[in-house]
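Side chains included, hydrogens not; waters and symmetry mates left out as well; all remaining heavy atoms used. Order of the sequence lines sets the chain letters (A, B, ...), proteins ahead of strands, with each chain counted from 1.
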Amino acid sequence: MADVIEAGAARADAPPPAADAPRGGARAGRAGRATPYLFLAPYLLLFGVFGLLPILLGLWLSVHQWDFQLPNRPFVGLDNYKELFSSDSAVYGDWWQSVRATAIFTVFAVPLLVVVPLGLALLLNRSFPGRTFFRAIYFAPYVLGVAVIGLLWRFLLDANLGLVNRIAGMVGLPADTPWVTAVPWAWVSLVGVTVWWTSGFNAVIYLAGLQDIPQELYEAAKVDGASAWERFRHVTLPGLRPVLLFVITTTVLASANVFGQSFLITQGAPGTETRTVVWFIVEEGLRDNDAGRAAAMSIVFALMLAVVSIANFRLFRYRED
Amino acid sequence: MMQNEMSRRRLLGLGLGLGAAASLTLAGCGGDDDSSGPAAGNGGKDYTGPKVDLKLWNGFTGGDGDIFKALVNQFNTEHQNIAVSIATYQWEDYYNKLPGAASSGAGPDIAVMHMDQLATFAARGVITELDDVAKTLELSEGDFAPTVWKGGLYNSKRYGIPLDMHPLGFYYNKGVMQKAGLDPNKPPTTKDEYTAALTELKKSGVQGFWVSPFQFTGGMTFYSLLHQWGGSVFDAEATKATFNSDQAVEACTWLTDLIKQGHSPANVGQDADYLAFKSGKNAFNWNGIWQINDLKKSPDIQWGVAPLPQIGTQPAAWANSHNFTIVKQRANDANKVSAAKVFINWLSQHSLDWAKGGQVPARKAVRDSADFKALAEVNALAPELEYAAFPPAAPGLGEVMTTFYNSFNEAALGKKSPKQALDDGVTKANKQLEDNRKKYGS
């Protein structure tokens, strides 16, 4: 509608073409064509320097044995990639262990991080006394840095000294659960802490989405005799679809990039079972100075995430059809 | 026409990026050239040139940081023509940051570095040789403990001047010992005494010695025991991992058996062993010398510290050492290098003050002084210098040591038997060592 009005207005206000001013007209036309590029220029520059170039550099690194301090940075072709897939290389075991750890975390964390904040948002969207207080409470943990929540929960979850086992003991549950040193408990802890920590953020996004759904739709549904579940199913969920797509995509990517939680809370224990991909790439590239291998890992990992993201978009598109 | 201009603009953008990449590559090469030979001056006796500013990086983020800063301030007031400024980072960040900073010219002139990092940074051309400093200052093995002095070498060349050494010590909680009927002034020193003490503690309901599965401090405890049994982590040339030897398995089993026998809980978390010690939940903790100052801040706990008990066939203790190194510069400034040497020498001589930060000075004269002996707790660990098990000098060992500590982690958490965990670790470590050989060509 806006387009129509503007077009009409432009037509109405447009001065008659000045036959005697071809140069001015040409200049305006040129500037008009350049405008979008001028707007794009800062972004293209930034994208080129900080997006495209690092990607190209990463590809370049990944086909070399690259330690920027050593005089020899021999070209090794696809060796860095091959060793990720051949079981007798030094990194094979650690690499797939880290992929497995990341996958486990993502598979368990994402559904919870999509559903729990939605429930929270639905509750916080109702009007009741103290609503703002609860909104603040549930958002509060997200404000804390990963170092803070990592240390906090490492002590709370400590098997022998921690408060969690102490409380479990008081209510008659086993008081010696190894929350951070044995699987599957370590995964329960990591996922649980992450849900506690980041639910507030997704909930805020959902809240914004919920408030965008026109109230009339609910009223109309009520008039038609729809139950609360039916209103949720046929009004709320469709209304939230773009928000859901956003939340799911960003949550999958954020979960796949998990690093700080396991680095601080479980420290990879037991053994290297909870060491994630990003952590392992950081170790290889920055601590062990094997930038080539780390670059190859990053690229393989990025491809894996791309596949997941595309599948995710596909899924939502089909639903829309 | 516009299109052309646009692509020029884009080209410009790309050009900037490529330029940055090129200078990065150049910077990388800067680290390679070996033009910074022995500098002018007399290797560190004094410095009389024009005023220079020196940047010094270190990782002393704890209580030791303040003492270090005070020492540097003192140096600055005593030397009109040298101004040392300090930057402090977490050790881990520090080691990640240093190579890039050094090769781009933004690095420090002097860097404090752990002994086990020297070989890696020397092989990667980040730090420079210091043989002439040692020669001019007439420093030799006799001035230090031989183990610490030799640790500063890589390929028979000196890269580090040792400042201190920090071993693992044996902390005992006197209050808990007393309650269990043990003499709090006679901490156990042998295997038999140790197990007897643990048995007494168990009778009074105390799990006496918590076995941590993590590098801090269980891994370091295992490292010490492995050497006590006469084993080693690597062979002499650090070309093969040997931490699945019979001795290693025996040492590891002794520790994991403590868990089975109920002297330690299972699944001890990071720092839980030390927190339990401080709160009187256990009696013994093998921990770094750096905890002395922390314990001094806790007036409620009665504690003592002694050399590690001898559980295996010979005494041994994990230890590491802080070393001074001089960072290679892109533009070689002989004045800065000689001023840096003066600083290193001065601080090494003043390491008594450093000892107050909770470290054993590397310099023998300082260790033998009455003033050092007055620092009772730190002095108690000085004898360990004779048999301290320092990490071997080979580039790229950090990664392999992580594998070592992870193997112990699996054993201590009961995921694998000690033999299985160590065998698996050695298989992986040998592959990593082979990779390192290819990379560093040693």
| message | I'd like to verify something: which residue of B:Asn430, B:Thr402, B:Thr403, B:Thr427 has the highest number of heavy-atom pairs under 4.5 Å with chain A? | response | B:Thr402
Heavy-atom pair with the smallest gap, counting every atom of [X] and [Y]:
{"X": "A:Phe263", "Y": "B:Glu92", "result": "CZ-OE2, 4.1 Å"}
{"X": "A:Gly271", "Y": "B:Asn406", "result": "O-OD1, 3.8 Å"}
{"X": "B:Ala266", "Y": "A:Asn160", "result": "O-ND2, 3.3 Å"}
{"X": "B:Ala272", "Y": "A:Leu161", "result": "O-CD1, 3.4 Å"}
{"X": "B:Lys431", "Y": "A:Ala90", "result": "CB-CB, 3.5 Å"}

| query | Residue by residue, which of residues 293-303 of chain A have a heavy atom closer than 4.5 Å to a heavy atom belonging to chain B? | reply | A:Arg293
| task | In sequence, state the C-alpha distance, the side-chain angles, and the governing distance for B:Glu399 and A:Asp290, and then conclude on side chain to side chain contact (heavy atoms under 4.5 Å, CB included). | result | CA-CA 11 Å; B:Glu399 187 180 6; A:Asp290 210 327; over 6 Å; no
| task | Could you check if a side-chain atom of A:Asp288 sits within less than 4.5 angstrom of a side-chain atom of B:Gln432, using non-hydrogen atoms only? | result | no
| field | Audit row: A:Asp94, B:Lys428, side chain to side chain contact (heavy atoms under 4.5 Å, CB included) steps and yes/no | value | CA-CA 9 Å; A:Asp94 282 333; B:Lys428 189 194 283 179; 2.6 Å; yes
Please classify the contact between [X] and chain B as side chain, backbone, both or neither, with a heavy-atom cut-off of under 4.5 Å.
{"X": "A:Arg287", "answer": "both"}
{"X": "A:Asn289", "answer": "both"}
{"X": "A:Phe155", "answer": "side chain"}

| remark: Among residues 205-221 of chain B, those lying within the under-4.5 Å heavy-atom range of chain A are B:Trp210, B:Phe214
